[in-house]
Number of protein chains: 2
Amino acid sequence: MKRDQASKAGDMEHQYECLSLGMAQPLRRKSSKREVILIKAASMFKDKGFAASSMRDLAETVGIEAASLYNHIKSKSEILQEIIFHAATECNVHLEEVDVEEKSSLKKIEEIIRFHVRMMLNRFEEYHVMTHEWIHLSEPHLTNFIGQRRSYVQRLEAIVEQGIKNKEMKPVVPYVAVLTILSAVRGLEFWHRSQKKYSPQQMEDNMVMHLITGLQA
Amino acid sequence: MKRDQASKAGDMEHQYECLSLGMAQPLRRKSSKREVILIKAASMFKDKGFAASSMRDLAETVGIEAASLYNHIKSKSEILQEIIFHAATECNVHLEEVDVEEKSSLKKIEEIIRFHVRMMLNRFEEYHVMTHEWIHLSEPHLTNFIGQRRSYVQRLEAIVEQGIKNKEMKPVVPYVAVLTILSAVRGLEFWHRSQKKYSPQQMEDNMVMHLITGLQA
DNA sequence: CCTACCGATCGGTAGG
DNA sequence: CCTACCGATCGGTAGG
């Protein structure tokens, strides 16, 4: 089962890497073992951290021997890269969409908050790995990730700045507002670990309200 | 050059470490090697995570052999416990103080936010280890920590609930508000890693404003 | 996809 | 506080 055609960058490859959710994932032709490995790895990295997760444990949850993992992935490090940059790309794609919309800055920020809350609620494993385990990325990738993150933050800052200029938002330091928003969302990990007394919708709406009205002029 | 007198815990020992290390550490009576180990460990655990930090690396930054660490600490695990429960205790002590004050709920929450922001700014290493590495606590301690954290959150929820009852705060779900606040503060880790364009005071005031006005009735 | 196995490194102990 | 060293486990490879 060769996967070399992945280098043919021309195709659509709509299916190209949909490790997306650890959910049901119904119709899937070539939902390769590779995807299963990535999904199980994301879950394991979230639970125990990257460094404390062993390839042997991962192999066991996948149902093969450790050595066999290397037929699907190049290294432990590559698994981390795949998970993190997959999630990061989704964030960037979403921001691209929001950025070109004809909406108020406040509305844009609200949509971005809702996006992150939903990532945290529905794609917990990958998102958690991205936000907590990026430090274990190996070197060209670490620098790359930090750069992507910084530029993402700067683009959000620009939206906030615009909002201030338009008098939609109070005159905060945009950098602080963006950090506050992006980090607040991470608190939902405790909702995940709890008995879930509140619905995802309640969590989302309350968090959005708290963060948005704190910003409103 | 024998250093056995380190066990004579009575003396002043102002000179105790100044020659070999460039470290300043001024007035400190019995600032035992143990403390040095804990401080260096906190910094290392923050940088690389608990699991990826080796006792050999830690020993090197302390300036002794790995085996010698065990004259001061029982195990790697014990180091983590010390760091985390030390920070956790400070949070609990602070909450105790705030809780008995005769202030509005909103003011209490503000003080709690300021406390956490300052912990994040001034005691970054320990606080970061507590918030990010608690998952690596070994077993009676892990359950203990989770229990302490839950009860801490519940006490903050009670303050918010009181604030809603008093019409100081808008009717949010207290649980969500508390998660939002406690997590937002963690975003300051990126300020630490940045070039610090903004002062600690700016960070604190802006974050407090964002989170408090988002809560205000 | 497996068996067999490598060198490196881990946390920790013995004994002085 | 050190030297010497233990058993366990790690990520990964060879070869089929």
Side-chain angles (χ1 to χ4, degrees), chain A residues 1-3 30-38 40-42 44-45 47-83 129 133 135-139 141-142, chain B residues 1-9 11 13 15-17 19-21 30-38 40-42 44-45 47-83 129 133 135-139 141-142:
Chain A
M1 196 201 263
K2 308 278 277 175
R3 337 188 66 258
K30 118 188 156 175
S31 126
S32 53
K33 204 82 167 201
R34 185 169 212 267
E35 268 179 47
V36 176
I37 291 169
L38 294 175
K40 299 281 193 187
M44 177 172 277
F45 292 172
D47 286 334
K48 313 203 289 182
F50 175 74
S53 297
S54 81
M55 295 300 273
R56 281 158 177 84
D57 284 348
L58 175 57
E60 195 175 358
T61 78
V62 173
I64 59 180
E65 291 299 314
S68 304
L69 289 171
Y70 292 88
N71 287 301
H72 303 97
I73 49 98
K74 285 212 308 260
S75 63
K76 188 185 177 186
S77 197
E78 192 203 42
I79 298 177
L80 187 65
Q81 292 154 31
E82 288 276 332
I83 295 168
V129 169
E133 306 295 326
I135 198 82
H136 294 107
L137 249 14
S138 57
E139 220 356 304
H141 311 288
L142 179 59
Chain B
M1 198 209 258
K2 306 278 281 178
R3 343 187 63 260
D4 295 355
Q5 82 277 17
S7 57
K8 288 199 295 177
D11 335 20
E13 298 185 295
Q15 257 218 335
Y16 127 95
E17 259 284 295
L19 298 179
S20 36
L21 307 179
K30 122 188 153 177
S31 116
S32 53
K33 203 82 166 200
R34 187 169 209 268
E35 265 179 49
V36 176
I37 291 170
L38 294 175
K40 299 280 192 187
M44 177 172 277
F45 292 172
D47 286 334
K48 314 203 287 181
F50 174 75
S53 298
S54 80
M55 295 301 274
R56 281 160 178 81
D57 284 349
L58 175 57
E60 194 175 358
T61 78
V62 172
I64 58 179
E65 291 300 313
S68 306
L69 289 172
Y70 293 88
N71 287 301
H72 304 96
I73 50 96
K74 287 212 309 257
S75 64
K76 187 185 179 187
S77 198
E78 192 205 41
I79 298 177
L80 186 66
Q81 291 153 32
E82 288 276 332
I83 295 167
V129 170
E133 307 295 327
I135 198 83
H136 295 107
L137 249 12
S138 57
E139 222 351 308
H141 311 287
L142 179 59

Separation of dC10(C) atom C1' from D57(B) atom CG, nearest Å, is 11 Å

Strand DNA chain D in bracket notation, Watson-Crick/G-U under 3.5 Å with | for pairs to another chain
||||||||||||||||

Keeping R56(A) on the side-chain end and A66(A) on the backbone end, is there a donor-acceptor pair under 3.5 Å?
no

Using the test side-chain hydrogen bond (donor to acceptor under 3.5 Å, both in side chains), find all partners of E60(A) that sit at least two apart in sequence or belong to another chain.
none

Nearest 0.5 Å, what's the CG-CZ distance between N71(A) and R34(A)?
12.0 Å

K40(A) atom NZ, over 12 foreign heavy atoms within 6.0 Å
no

Tell me what S75(B) touches on the nucleic acid: a base, only sugar-phosphate, or nothing, going by heavy atoms under 4.0 Å.
sugar-phosphate

When rounded to whole Å, the CG to P distance for the pair L69(B) and dG11(C) reads 10 Å

Round to a whole Å and report the spacing from CZ of F50(A) to C1' of dC10(D).
12 Å

In whole angstroms, the gap separating P of dT9(D) from NZ of K76(B) amounts to 15 Å

How many whole angstroms separate atom CD of E60(A) from atom P of dG11(D)?
14 Å

Output one letter per nucleotide in nucleotides 2-8 of chain C: B when a protein non-hydrogen atom lies under 4.0 Å from the base, S when only the sugar-phosphate is that close, - when neither is.
BBB----

Considering residues at least two apart in sequence or located in another chain, which fulfil the salt bridge (Lys or Arg N to Asp or Glu O under 4.0 Å) criterion with D57(A)?
K48(A)

Find the distance L58(B):CG to dG11(C):C1' and express it as a whole number of Å.
12 Å

What's the closest nucleotide to the side chain of Y70(A) if the choices are dC1(D), dG12(D), dG12(C)?
dG12(D)

In whole Å, I'd like the distance from the NZ atom of K74(B) to the P atom of dT13(C).
11 Å

H136(A) meets the side-chain hydrogen bond (donor to acceptor under 3.5 Å, both in side chains) criterion, sequence neighbours left out, with E133(A)

Not counting sequence neighbours, which residues clear side-chain hydrogen bond (donor to acceptor under 3.5 Å, both in side chains) with S77(A)? List them please.
Q81(A), S138(A)

If you measure from CD on E78(A) to CD1 on I83(A), what distance do you get to the nearest 0.5 Å?
10.5 Å

Side-chain ion pair, K74(B) and E82(B), N-O less than 4.0 Å:
no

